[in-house]
Amino acid sequence: MTIFAPTIDTNDSIRATWAEVDLAALRRNVRLIRGSVNGVPGAKPVGVMLVVKANAYGHGLVEVTRALADITDCVGVAVLEEGILLRREGINAPILVLGGVWGDQIPLFIKHDLILTASSVDRLSQIDEAARAMGRRAKAHLKIDTGMERVGVHYFNAHKLQEAALKCANVDILGIYSHFANADSEDLTHAKLQLERFQEVLAFYENRSIQRPTAHIANSAAMLRLPESLLDMVRPGLLLYGVYPSKHVPESIDVAPAMAWKSRVVYFKVVPPDHPVSYGSTWKSDHPVRMVTIPVGYGDGYLRRMSNSSQVIINNRKYQQVGTICMDQMMINIEWDSAYNGDEVILLGASADQRITVEDMAIWANTAPYEILTSINGRVPRVYTCQQSI
Ligand SMILES: *Cc1c(COP(=O)(O)O)cnc(C)c1O
């Protein structure tokens, strides 16, 4: 199929900083992910829930979900508002809200046909009661805490929630899930313990000869490292966007990054020796250098803590960012090379021979790739491309 997405001709754009999202790359990543978890012929198919919380990890909640809705079994968002926005935009796919819920929100879930996370016996009975009062049926997945200590009933109390779920008259229990705290850490001992606890919780159904609801626990890292954790469905987030969670996760699927972040040179000057650059004078040169200014800064989500450690690509060469990154601008040392006003600058993405990845930026900022992507904020216009018909 062909996806028609709005495109802006960036040459005509008045904004010199933008992010390009390749929807075809995202669709290809989904196919690769689905193929990789369904490698065993004759085995029960493993479903794929696409996690699009936090503005689809910065890629654009509505555009990404719309482009992928027909190849996903379920869409995962973090908060109610994200789910409502998708419904208002006409997206009909099943949507699970992964985060916690408070009482007053429950009728809105039911009204918009969003799947609730039922994380305690009390919450489940509130959901049942709200559905009864509205004369509707609610949909829920049970949430079991196997070692994250976030939302969910503890694994050792899970049977109470499971028993209560069997008695709910107005709620369809469509799934049961848990979440790993350490699937991307070097040591998988804790992840394996969590999986073991979850398997014991699932034995509840087998012991009673009841068909279990769709069971899921694997995030991106677990998908690639713990094949026994695939169960009935996987929940990839970061991997969908072509990025790997940590260096401990094998890059065993050929997913490709879907986002490039670009800007343009807007100023050029020669900085003399001993003339420090930017706030706090954290950098200076002992020889004259050519310096260009780029209209992007931490006010766009280019993290300030990358100051003096990040690089950008100009004219197919990598250069060092120098001085403190400002809110709206930053300076690049091009030594004695040439660059002109309007030249394209790649903050994230590839030129003919050079490449800057989300993983590189995470190292420069001393953070996780997740924070790099979700930091790119609303001041950076997203431009949607679809390089090929798929
Ligand atoms: C964010 C999230 C995911 C996706 O995690 P990735 O590491 O990005 O794959 C899966 N499940 C839950 C409950 C989440 O909150």
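Atoms within a ligand are numbered from 1 in the order they appear, just like the ligands themselves. If you're wondering where the values come from, they're calculated on a predicted model, not measured in any experiment.
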* Output field: ring centroids His154/Phe156 closer than 6.0 Å ->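 Centroid separation for His154 and Phe156: below 6.0 Å.
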* **Salt bridge Lys44-Asp232, side-chain N to carboxylate O under 4.0 Å** =>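 Salt bridge: yes.
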* Flag the pair Arg382 and Glu63 as a salt bridge only when some basic side-chain nitrogen lies within less than 4.0 angstrom of an acidic carboxylate oxygen. =>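 Between Glu63 and Arg382 there is no salt bridge, as every charged N stays at least 4.0 Å from the carboxylate O atoms.
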Ligand 1: which protein N/O atoms lie under 3.5 Å from its N/O atoms?
| from | atom 1 | to | atom 2 | distance (Å) |
| --- | --- | --- | --- | --- |
| ligand 1 | 7 (O) | Tyr370 | OH | 2.5 |
| ligand 1 | 8 (O) | Tyr57 | OH | 2.6 |
| ligand 1 | 8 (O) | Leu238 | N | 2.8 |
| ligand 1 | 9 (O) | Ser220 | N | 2.8 |
| ligand 1 | 9 (O) | Ser220 | OG | 2.5 |
| ligand 1 | 9 (O) | Gly237 | N | 2.8 |
| ligand 1 | 11 (N) | His179 | ND1 | 3.4 |
| ligand 1 | 11 (N) | Arg235 | NE | 2.8 |
| ligand 1 | 11 (N) | Arg235 | NH2 | 3.3 |
| ligand 1 | 15 (O) | Lys53 | NZ | 2.6 |

* Mind jotting down which residue pairs meet the ring pair (Phe, Tyr, Trp, His ring centres under 6.0 Å) criterion with at least one end in residues 246-300? Sequence neighbours excluded, please. =>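 Qualifying pairs, neighbours excluded: Trp261-Tyr302.
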* Asked: Only one of Leu114, Thr65, Asn92 forms a side-chain contact (heavy atoms from CB on, under 4.5 Å) with Leu86, so which one is it?
  ->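 With Leu86 as partner, Leu114, Thr65, Asn92 yield a single side-chain contact (heavy atoms from CB on, under 4.5 Å), made by Thr65.
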* Side chains of Gln126 and Asp128: do they bring a donor and an acceptor to under 3.5 Å? ->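 Per modelled atom types, Gln126 and Asp128 side chains form no pair under 3.5 Å.
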